[in-house]
K.L.:
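First the structure, which I've put down as structure tokens, then a few questions once you've had a look.
In what follows, every chain begins at residue 1, and chains take the letters A, B, ... in the order their sequences are listed.
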Amino acid sequence: MRTYRYVVAGDLCEIHFPESDEDMAAFEAFLAQGDKFLALDTESTGLDIFSAQHQLRLVQVGNSREAWVLRWDRFKDWIRRLLGLRRNFIAHNATFDALTLDRHGAISIEELLPKIWDTKIMAHLLDPRGKMEGGIGLGLKELSAEHVDSQAPDTSNDLTKVFNGFGWTKAQGWARIPIEHMTYVLYAGLDVILCHRLHEKLLLAVQLYGDICKMEHKLQYFLALMRRRGMLLDIPYIERLTTDLHNQFVEQQDLAMDLGVESIFANEQVIAQLQAMGEKLTATTDKGALQVDRAVLLPLADVNTNWERLNVREPNPLAEAVLKGKRAKKWLEAYAMGFLEWRDTNDRIHPVINSLQARTARMSIQEPALQQLPSSDWTIRRAFIADPGFSMLAVDYKAVEMRVLAALSEDWTMRRAIADGEDLHSFTASRVFGTNFSKKQRKIAKSIGFGKVYGGGAAGVARLTGAPEDDIRIAMEAYDRTFPGIKRYSRKLIRQAQSGIMEVVTPIGRRLPLDPDRLYAATNYVVQSTARDLLAQAVIRLFEAGLGEYLLIPVHDEVVGQAPIESADEIAKEIGSVMESDFMGVRIESDPSVVGASWGAAYGAPAVLPMEVPVRKERRMKPGTWLQEALI
DNA sequence: ACTTTCACG
DNA sequence: ACGTACGTGAAAGTG
């Protein structure tokens with residue numbers, strides 16, 4: 001057995017790396033000490049848990065002074081027994097380790113994850129801010145430096161340096177580093193020691209936020225099951241889409257090249273050529289450079305946000321090429337190629353679902369970013385299809401943030417309108433513009449509603465809608481007269497923050513720190529966070545009602561799922577009904593819909609494109625693999 | 001590493 | 001006294 005010593009916060013700690021079965025007697029003795037909690041961590045070949053080449057390399061457990069770094073290839077049985085028998089574990093970002101151990105047959109998520117206390121959840125409850133936002137951060141390194149030992153090593157960074165020494169990239173290093181390499185073993189062990197000590201310090205979070213803490217652990221568990229299930233891709237469709245988008249990009253880039261721009265992404269060149277063509281650019285970025293984003297380029301191309309001609313000027317060909325080329329490249333790289341990159345051997349993708357991410361606790365999805373797929377048309381979402389015999393479904397909340405705002409602000413006009421079943425934006429338009437309001441005016445009323453939720457003013461709403469600022473200002477004044485409670489509530493939050501700690505507290509008791517120079521964001525934080533908690537609690541209720549098996553991903557105010565075709569309608573309605581609730585006397589209503597064979601069908605995609613029939617390949621599911629078991 | 005842009009709710 | 005659009009993830013260029 002090899003043993004390394006390292007001083008953590010003044011205490012001499014030991015990291016053991018057993019090499020034979022005889023060494024494991026000492027490990028059994030360590031377990032027999034009976035620590036209530038064991039910190040748990042894994043090292044694998046990479047973050048791509050679901051790819052064919054992914055391998056589990058090490059499993060580490062430990063307490064505040066001692067870590068055991070176990071090779072998965074040598075000590076499988078010990079590890080399985082340990083994970084199965086022990087009752088309480090601690091991990092940082094437990095989902096990743098639970099999914100890894102599940103994927104490689106060490107223990108199922110169902111058995112393990114409910115037994116893990118996650119230090120990342122606890123840390124988020126105490127301070128949700130990243131380092132850049134003035135908080136501590138949510139990484140093990142940052143939190144250890146703050147709570148355990150300011151000299152705590154950056155294990156991941158230091159290992160990257162070792163990888164670089166071998167001439168490897170970071171991604172290569174995690175797979176290639178010899179499993180007994182001293183730095184690798186030492187840092188693998190240190191992570192569990194740090195995590196165990198971090199847990200002791202963060203227990204305050206459990207005392208202060210017991211109920212929320214419990215809810216977040218439950219949510220994280222259910223989201224892990226959703227990630228393991230994944231979503232099925234239509235690979236032939238994506239391959240055609242990839243070619244198509246690539247051609248679109250090349251075409252637009254060539255056009256731009258003829259107009260003197262080597263790369264449509266080189267803003268300096270775009271600015272220079274636009275100015276040479278006689279265009280006047282005035283908008284500036286935060287850092288003072290001239291701005292050439294979508295909002296600036298669309299008018300130059302003489303189109304609105306829906307690409308309809310405005311016919312107020314001759315379209316600028318460069319503006320057009322930059323807009324179209326960037327869109328094609330974005331859709332190609334961030335979406336179509338991302339889907340292919342992250343798929344598993346069964347053509348499914350399993351995106352990372354961060355259950356507790358934003359300052360407001362909003363969830364996020366990455367690898368790839370499924371919450372940000374284009375909704376303007378069906379092209380990208382068409383890539384996702386239901387399992388054979390299933391239909392996609394989506395259930396969203398109806399104007400949930402507006403309803404939350406109405407409830408929290410106790411604005412009785414808005415509450416009454418909701419209770420009467422009014423369309424909130426139409427109701428607002430009728431109060432602001434009169435009962436004969438136009439479609440355009442309803443749209444402005446909707447934008448003002450969002451503007452209010454976000455804490456914006458007339459200038460911001462004007463910029464986003466394209467309507468004259470004076471008109472918006474007058475409309476916003478009418479809005480304030482119609483819903484006096486909203487403004488009163490916003491002022492109250494700011495006043496409270498100024499007279500106490502710079503934070504807002506949500507109805508469930510979640511504390512959200514405010515930036516002193518952005519106090520106007522307070523209303524948005526409470527509203528966004530509360531809407532998030534409503535969806536989080538709904539996801540928990542759905543799983544507890546046995547409907548979790550139909551869910552695929554959460555998207556802020558909706559869930560996307562799939563159900564057997566013959567019962568899809570009924571199941572969507574059931575999901576909708578479980579999601580609905582009463583929040584402080586305001587109905588939170590849902591809108592269930594059965595979408596069809598692909599997610600794109602919700603955005604107007606044809607059920608089956610005629611050209612696809614001959615090329616569509618049979619999707620064979622390999623029976624008996626853990627993935628399919630999860631689906632049953 | 002930072003800035004800018006663009007995709008969503 | 002006044003007004004401030006909120007929260008993400010991903011990719012490309014620049015330095």
Side-chain angles (χ1 to χ4, degrees), chain A residues 128-130 132-133 249 253 261-271 283-298 305 322-323 325-335 337-338 341-342 351-354 356-377 379-381 396-397 399-402 405 447-465 469 472-473 476 490 494 512 514-515 517-529 531-532 535 553-558 560 603:
Chain A
R129 294 171 299 179
M132 299 305 293
E133 298 173 276
F249 168 69
Q253 176 59 68
V261 170
E262 282 175 49
S263 165
I264 55 168
F265 296 99
N267 287 346
E268 282 175 26
Q269 286 184 43
V270 173
I271 290 164
T284 54
T285 66
D286 287 344
K287 299 288 163 195
L290 283 173
Q291 197 159 35
V292 278
D293 65 3
R294 213 172 114 87
V296 171
L297 295 177
L298 281 172
T305 49
V322 170
L323 282 167
K326 272 188 178 174
R327 192 175 112 136
K329 189 75 165 167
K330 167 103 184 173
W331 287 22
L332 176 67
E333 297 282 344
Y335 303 129
M337 308 252 296
E341 181 190 336
W342 290 105
V352 176
I353 309 175
N354 301 301
L356 189 55
Q357 177 67 12
R359 181 187 299 208
T360 57
R362 257 194 174 188
M363 300 172 232
S364 80
I365 296 184
Q366 62 190 94
E367 296 171 2
L370 295 198
Q371 289 176 322
Q372 287 109 307
L373 304 187
S375 57
S376 55
D377 74 59
T379 320
I380 297 296
R381 295 187 197 231
D396 63 344
Y397 279 132
V400 63
E401 293 198 340
M402 297 298 289
L405 182 59
S447 300
I448 292 175
F450 283 122
K452 285 286 168 186
V453 171
Y454 295 149
V461 176
R463 184 161 46 78
L464 260 79
T465 56
E469 193 178 325
I472 297 290
R473 188 176 302 109
M476 286 184 99
S490 297
I494 293 172
L512 310 175
L514 291 167
D515 301 330
D517 53 342
R518 291 166 68 250
L519 292 183
Y520 61 88
T523 312
N524 178 253
Y525 284 3
V526 185
V527 171
Q528 191 181 102
S529 187
R532 176 274 183 195
L535 188 72
I553 49 165
V555 190
H556 302 312
D557 67 346
E558 72 175 321
V560 177
Y603 301 81

K.L.:
So what does A:F450 hit on the nucleic acid, given a heavy-atom distance under 4.0 Å: a base, only sugar-phosphate, or nothing?
P.N.:
base
K.L.:
Grab the CE-P distance between A:M337 and C:dG9 for me, whole Å please.
P.N.:
21 Å
K.L.:
To the side chain of A:F265, which of C:dA12, B:dG9, C:dG9 is closest?
P.N.:
C:dA12
K.L.:
Which part of the nucleic acid, if any, lies within contact of A:R532, taking any heavy atom under 4.0 Å across all strands shown: a base, the sugar-phosphate backbone alone, or nothing?
P.N.:
nothing
K.L.:
Could you check whether A:E401 gets within reach of a base, just the sugar-phosphate, or nothing at all, counting any heavy atom under 4.0 Å?
P.N.:
nothing
K.L.:
Within the structure shown, what part of the strands sits under 4.0 Å from A:R362 by heavy-atom distance: base, sugar-phosphate, or nothing?
P.N.:
base
K.L.:
Apply side-chain contact (heavy atoms from CB on, under 4.5 Å) to the pair A:M476 and A:V461, showing each step before the final yes or no.
P.N.:
CA-CA 10 Å; A:M476 286 184 99; A:V461 176; 4.2 Å; yes
K.L.:
In whole Å, I'd like the distance from the CG atom of A:D293 to the C1' atom of B:dA7.
P.N.:
13 Å
K.L.:
Are any non-hydrogen side-chain atoms of A:I264 and A:F249 less than 4.5 angstrom apart?
P.N.:
yes
K.L.:
Does A:K326 make a side-chain donor-acceptor contact with the base of B:dC6, cut-off 3.5 Å?
P.N.:
no
K.L.:
Using whole Å, what does the distance between atom P of nucleotide B:dC8 and atom CG of A:D377 come to?
P.N.:
9 Å
K.L.:
By the 4.0 Å heavy-atom rule, please label A:T523 as base, sugar-phosphate, or nothing.
P.N.:
nothing
K.L.:
Please determine if a side-chain N or O atom of A:K287 lies less than 4.0 Å away from the OP1 or OP2 oxygen of B:dT3.
P.N.:
yes
K.L.:
Taking only side-chain N and O atoms of A:S263, does any of them lie within less than 4.0 angstrom of OP1 or OP2 on C:dG13?
P.N.:
yes
K.L.:
Counting the atoms with a prime plus P, OP1 and OP2 as sugar-phosphate, which does A:K329 contact under 4.0 Å by heavy atoms, base, sugar-phosphate, or nothing?
P.N.:
sugar-phosphate
K.L.:
Searching all strands shown, indicate the nucleotide that pairs with C:dA12 (Watson-Crick or G-U wobble; both distances under 3.5 Å).
P.N.:
B:dT3
K.L.:
Hey, is A:E333 close enough to A:R327 for a salt bridge, meaning N to O under 4.0 Å?
P.N.:
no
K.L.:
Can you see if the side chain of A:T360 gets near the phosphate of C:dG7 - specifically, an N or O under 4.0 Å from OP1 or OP2?
P.N.:
no
K.L.:
Calculate the interatomic distance between A:W342 atom CH2 and C:dA11 atom P; express it in whole Å.
P.N.:
9 Å
K.L.:
Of all the choices, C:dT8, C:dA10, C:dG13, which nucleotide is nearest to the side chain of A:E133 once you look at every atom?
P.N.:
C:dT8
K.L.:
Counting any heavy atom closer than 4.0 Å, what does A:G457 reach on the DNA or RNA strands: base, sugar-phosphate only, or nothing?
P.N.:
sugar-phosphate
K.L.:
I want to verify a distance call: between B:dT5, B:dC6, C:dG9, whose nearest atom is closest to the A:N354 side chain?
P.N.:
C:dG9
K.L.:
Measure across A:P554 and A:L535 and return the closest heavy-atom pair with its distance rounded to 0.1 Å.
P.N.:
CB-CD2, 4.1 Å
K.L.:
Please tell me if A:Y520 has a side-chain N or O lying less than 4.0 Å from either OP1 or OP2 of C:dG3.
P.N.:
no
K.L.:
Would you say CG of A:D286 has more than 12 non-hydrogen atoms from neighbouring residues, nucleotides or ligands within 6.0 angstrom?
P.N.:
no
K.L.:
If you check the A:P374 side chain, which of C:dG9, B:dC8, B:dG9 turns out closest?
P.N.:
B:dC8
K.L.:
Can you find a donor-acceptor pair, distance only, under 3.5 Å between A:Q357 side chain and C:dT8 base?
P.N.:
no
K.L.:
What's A:A459 touching, base or sugar-phosphate or nothing? Going by heavy atoms closer than 4.0 Å.
P.N.:
sugar-phosphate
K.L.:
Do A:R532 and A:Q528 have side chains that get closer than 4.5 Å, going by heavy atoms?
P.N.:
no
K.L.:
Is the phosphate of B:dT3 approached by A:N267 (side-chain N or O, under 4.0 Å from OP1 or OP2)?
P.N.:
no
K.L.:
Would you tell me if any nitrogen or oxygen in the side chain of A:R518 comes within less than 4.0 Å of OP1 or OP2 on C:dC6?
P.N.:
yes
K.L.:
Taking for each residue the nucleotide of DNA chain C bearing the nearest heavy atom, is the 5' side occupied by A:A266 or by A:Q372?
P.N.:
A:Q372
K.L.:
Under 4.0 angstrom, heavy atoms only, what part of the nucleic acid is A:I380 near: base, sugar-phosphate, or nothing?
P.N.:
nothing
K.L.:
Quick one: are A:Y520 and A:R518 in side-chain contact, heavy atoms under 4.5 Å?
P.N.:
yes
K.L.:
I need the CD1-P distance between A:I553 and C:dG9, as an integer number of Å.
P.N.:
14 Å
K.L.:
CD of A:Q371 versus P of C:dC6: gap in Å, rounded?
P.N.:
19 Å
K.L.:
Given the P atoms of B:dG9 and C:dT4, what is the spacing between them in whole Å?
P.N.:
25 Å
K.L.:
Quick one: label A:V292 by what it contacts on the DNA or RNA (base, sugar-phosphate, nothing), any heavy atom closer than 4.0 Å.
P.N.:
sugar-phosphate
K.L.:
Look through every strand shown and name the nucleotide pairing with C:dC2 as Watson-Crick or G-U wobble, where both distances are under 3.5 Å.
P.N.:
none
K.L.:
Nearest to the A:Y335 side chain among B:dC8, C:dC6, B:dA7, which nucleotide is it?
P.N.:
B:dA7
K.L.:
In whole angstroms, how far is the P atom of C:dT14 from the CD1 atom of A:I271?
P.N.:
11 Å
K.L.:
Got A:I365 and A:N354 here, is their nearest side-chain heavy-atom distance under 4.5 Å?
P.N.:
no
K.L.:
Hey, does A:Q528 reach any base, or is it just sugar-phosphate, or nothing, if we go heavy atoms under 4.0 Å?
P.N.:
base
K.L.:
Please report, rounded to the nearest Å, how far the P atom of B:dC6 is from the CD atom of A:E333.
P.N.:
16 Å
K.L.:
Tell me what A:E367 touches on the nucleic acid: a base, only sugar-phosphate, or nothing, going by heavy atoms under 4.0 Å.
P.N.:
sugar-phosphate
